[in-house]
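Below, each value reflects all heavy atoms present in this structure, side chains not excepted, and no hydrogens, waters or symmetry copies. In this chain, numbering begins with 1 at the start of the sequence shown.
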Amino acid sequence: MDKFDLAYRYGKYLGYNVTASVFDIESLKFLLNYNIPFVKIANNKSLHSLIKHIPKNIDVYISSYKYSYSVDFKRRVTHLWCVSNYPAYRKEYEDLGMLRGDNISDHTTTFELYDIYKPGIIEWHYKLKNTTGLDSGEFARTPEQLKEIM
């Protein structure tokens, strides 16, 4: 069974809307086979071209270190403040500017940004307990951690 399919079904079972970041056209095409609430584009300018391949009825979220980082996408794009360090620190986000009420792609190891700034949208990397790999660092949240704040 495909790993994303398993993660998708588990997230749905827990009551989450599930999606993923895409890094190439193949992964975008794969993701579009699922009932997703949006497509997430990482903080990487070279990935912006993927946006034109996303159907207009699917929302686009993009991590960026400043709003002017993006170009005119000819569609509504929701921005998430992002520091592309793993892990990142609260001060790095605060140095970006105003965070209160903004959207955040959180790579810190605590829930401080969430607790202090009450973002409109917050994104965390997600992992299952005892997961290993690129996205399984101390900055990734487990189902148990997310349950505490929901």
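Considering CD1 of Ile25 and NZ of Lys52, their distance stands at 8.5 Å, rounded to 0.5 Å. Atom CG of Leu14 sits about 13.0 Å away from atom CZ of Arg9, to the nearest 0.5 Å. With rounding to the nearest 0.5 angstrom, the CG atom of Asn33 is 9.5 Å from the CD1 atom of Ile36. Note that OG of Ser105 and NE2 of His125 are 5.5 Å apart. Values are rounded to the nearest 0.5 Å. Within the model, atoms NZ of Lys91 and OG1 of Thr108 stand 15.0 Å from one another, a figure rounded to the nearest 0.5 Å. To the nearest 0.5 Å, atom CG of residue Asn103 and atom SG of residue Cys82 are 12.5 Å apart.
Arg141 forms a cation-pi arrangement with Phe111, by the criterion of a distance under 6.0 Å to the ring centre and an angle within 45° of the ring axis.
The environment of NZ in Lys12 is crowded: more than 12 heavy-atom neighbours from other residues, nucleotides or ligands sit within 6.0 Å.
Heavy-atom minimum distance, Pro37 versus Asn17: CG-CB, 3.7 Å. Of all heavy-atom pairs spanning Tyr93 and Trp81, the tightest one is CE2-O, 3.7 Å. Here the closest heavy-atom approach between residue Asp106 and residue Thr110 is recorded as OD2-O, 3.8 Å.
Between Ile121 and Ile104, the closest side-chain pair of non-hydrogen atoms is not below 4.5 Å. Under the 4.5 Å side-chain criterion, counting only non-hydrogen atoms from C-beta, Ile51 is in contact with Ile41. Counting only heavy atoms from C-beta outward, the side chains of Phe23 and Leu47 approach each other to under 4.5 Å. Under the 4.5 Å side-chain criterion, counting only non-hydrogen atoms from C-beta, Arg90 is in contact with Ile116. By the 4.5 Å heavy-atom criterion applied to side chains, Pro87 and His107 are not counted as neighbours. Taking 4.5 Å as the limit, every side-chain heavy atom of Leu80 sits out of range of all side-chain heavy atoms of Ile122. Side-chain contact between Glu112 and Tyr117 is absent, with no heavy atoms from C-beta onward closer than 4.5 Å. Within the 4.5 Å cutoff, no side-chain heavy atoms of Tyr8 are placed close to those of Thr19.
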Next item on the list: Output, in order, the C-alpha distance, side-chain angles, deciding distance and verdict of side-chain contact (heavy atoms from CB on, under 4.5 Å) for Gln145 and Trp124.
Entry: CA-CA 11 Å; Gln145 289 174 308; Trp124 289 295; over 6 Å; no

Note to self: With side-chain contact (heavy atoms from CB on, under 4.5 Å) as the criterion, how do Phe30 and Asp2 come out once you've worked through the C-alpha distance, each side chain's angles and the decisive distance to 0.1 Å?
What the structure shows: CA-CA 11 Å; Phe30 174 83; Asp2 179 79; 3.4 Å; yes

Next item on the list: Go through the steps for Thr78 and Asp59 under the test side-chain contact (heavy atoms from CB on, under 4.5 Å), then give the verdict.
Entry: CA-CA 8 Å; Thr78 300; Asp59 290 338; 5.9 Å; no

Next item on the list: List the steps and the verdict of side-chain contact (heavy atoms from CB on, under 4.5 Å) for Leu28 and Ile54.
Entry: CA-CA 8 Å; Leu28 174 60; Ile54 300 170; 3.9 Å; yes

Item checked: Tyr34 vs Phe4, ring-ring contact (aromatic ring centres under 6.0 Å, His included): CA-CA, chis, key distance, verdict -> CA-CA 10 Å; Tyr34 290 85; Phe4 180 79; 5.0 Å; yes

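Under the 3.5 Å distance criterion, with hydrogens and angles disregarded, no donor-acceptor pair is assigned to the side chains of Glu138 and Thr109. Under 3.5 Å, the side chains of Ser64 and Asn43 contain no donor-acceptor pair of N or O atoms.
For His79 and Tyr61, the distance between ring centers is not under 6.0 angstrom.
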